[in-house]
Amino acid sequence: AKSFDPEEGFHVGTLVSVILTVIALTLNACLLLPCLPFMIQSYFPGVGLGVLFTKIDISNVSYYSGFLLSMYYLGQIPGCIFWGWYADRRGRKEAMIIILICKGCIPRSSVGNIVCITGFGLSSNYYLSLVIRFIHGLTDGSLGVTKIILAEISNDRNISLGSSFFFVSVAVGRLLGPLLARVCTDEKITRALNQILPILGDRPFLLPFLLTAFCFIITLVSFVFFS
């Protein structure tokens, strides 16, 4: 963040950037959950019917869903430690920009989140999706870094208010995530969008993850220009 005195109150641009990041993070996590069983069925046609597919018994959707969900958090174990170290060495803002790029697809630091989320939406292979989820976890240390930033822009008089912004952002993301998944998989909406973007017909889960990647692009812009 730019130089300022926390005793004068929150730096508004940095606070907004943190809030947007937490909302986008939570939205992404909660958007996946309603889609997960159907994604498994798209990876393995016939799942839940007690059939064999590629020599694997895929009668248990939860088994494959559990691996896909947990790979992200497995990647976060070393990832969060690294990004905490990087933020101490190179600065909070630079760390956040790089992390956000990793989530989706702009230059250098925000490539991680945007790229991984978009790639996950494009993937039609279960094992490729496992790899993408793990890499996404490795490149995503934004939750820890946002907490550091929030603590550093707060003072003794407003630290409780700052913490409340964090948890309100989590609540907003958890509210919007499942709702967005519902809207983006609505048959009437997807049928209309398929005529504009035919790729959505072959990648039915791409749309919600593209919207999430767009949220991270907005967050990236906020960090670059306003924090």
Side-chain angles (χ1 to χ4, degrees), residues 21-80 99 102-105 112-144 169-187 189-191 193-194 199-216:
T21 301
V22 177
I23 289 176
L25 279 170
T26 315
L27 186 150
N28 179 58
C30 293
L31 182 147
L32 173 62
L33 294 175
C35 299
L36 200 53
F38 304 101
M39 294 181 76
I40 298 301
Q41 289 180 324
S42 71
Y43 295 143
F44 300 113
V47 67
L49 302 179
V51 300
L52 291 177
F53 185 79
T54 63
K55 300 181 181 179
I56 301 175
D57 185 357
I58 54 170
S59 60
N60 193 340
V61 175
S62 61
Y63 177 81
Y64 293 95
S65 298
F67 276 112
L68 191 58
L69 187 63
S70 63
M71 287 302 289
Y72 169 82
Y73 301 102
L74 179 63
Q76 275 203 319
I77 294 173
C80 286
I99 290 167
C102 292
K103 284 188 186 256
C105 152
N113 272 323
I114 304 166
V115 167
C116 288
I117 291 172
T118 306
F120 185 60
L122 285 168
S123 174
S124 59
N125 182 277
Y126 175 74
Y127 301 102
L128 176 60
S129 296
L130 288 177
V131 173
I132 293 173
R133 288 281 291 171
F134 179 76
I135 295 174
H136 189 187
L138 279 176
T139 59
D140 185 12
S142 49
L143 192 61
S169 303
V170 171
V172 171
R174 288 177 175 173
L175 171 67
L176 295 179
L179 292 177
L180 185 61
R182 167 65 183 87
V183 171
C184 290
T185 54
D186 183 270
E187 187 177 352
I189 295 176
T190 55
R191 189 185 304 118
L193 289 175
N194 285 347
I199 190 175
L200 295 177
D202 299 325
R203 301 290 187 273
F205 303 103
L206 176 60
L207 178 60
F209 292 108
L210 277 179
L211 293 177
T212 306
F214 180 71
C215 290
F216 280 109

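Sequence positions, counted from 1, serve as the residue numbers for this chain. The structure displayed is predicted, hence computed values, not measured ones.
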Query raised in the report: Checking side chain to side chain contact (heavy atoms under 4.5 Å, CB included) for the pair M39/L32: CA distance, chi angles, key distance, verdict?
Result: CA-CA 9 Å; M39 294 181 76; L32 173 62; 3.8 Å; yes
Of all heavy-atom pairs linking S65 and I40, the shortest is OG-CG1, 3.3 Å
Heavy atoms of Y126 and L68 approach each other most closely as OH-N, 4.0 Å
Legend entry - Crowding at CZ, F214 (>12 non-hydrogen neighbours, <6.0 Å): no
Smallest heavy-atom separation, F209 atom then G121 atom, equals CD1-CA, 3.9 Å
Fill in: Side-chain donor-acceptor pair present, S129, Y43, cut-off under 3.5 Å
yes
When rounded to the nearest 0.5 Å, the distance separating CG of L210 from CZ of F120 is 13.0 Å
Between P78 and L74 the two heavy atoms that sit nearest each other are CD-O, 3.3 Å
- Apply side chain to side chain contact (heavy atoms under 4.5 Å, CB included) to the pair R174 and I23, showing each step before the final yes or no. CA-CA 8 Å; R174 288 177 175 173; I23 289 176; over 6 Å; no
Nearest heavy-atom contact between T212 and A24 is CG2-O, 4.3 Å
Looking at S70, is its backbone amide N or carbonyl O close enough to the side chain of R133 to form a donor-acceptor pair, meaning the two atoms are under 3.5 Å apart? no
Would you check if L33 and L69 make a side-chain contact, meaning some heavy-atom pair closer than 4.5 Å?
yes
When the ring centroid of Y72 is compared with that of F134, is the distance short of 6.0 Å? no
Rounding to 0.5 Å, atoms CG (L207) and CG (L180) come to a distance of 7.5 Å
Rounded to the nearest 0.5 angstrom, the CD-NE2 distance for Q76 and H136 is 8.0 Å
The reported gap from CG in L175 to OG1 in T26 (rounded to nearest 0.5 angstrom) is 11.5 Å
Here the gap from L211 atom CG to L27 atom CG, rounded to the nearest 0.5 Å, amounts to 9.0 Å
Minimal heavy-atom distance between I132 and S123, with the atoms involved, is CD1-CB, 4.2 Å
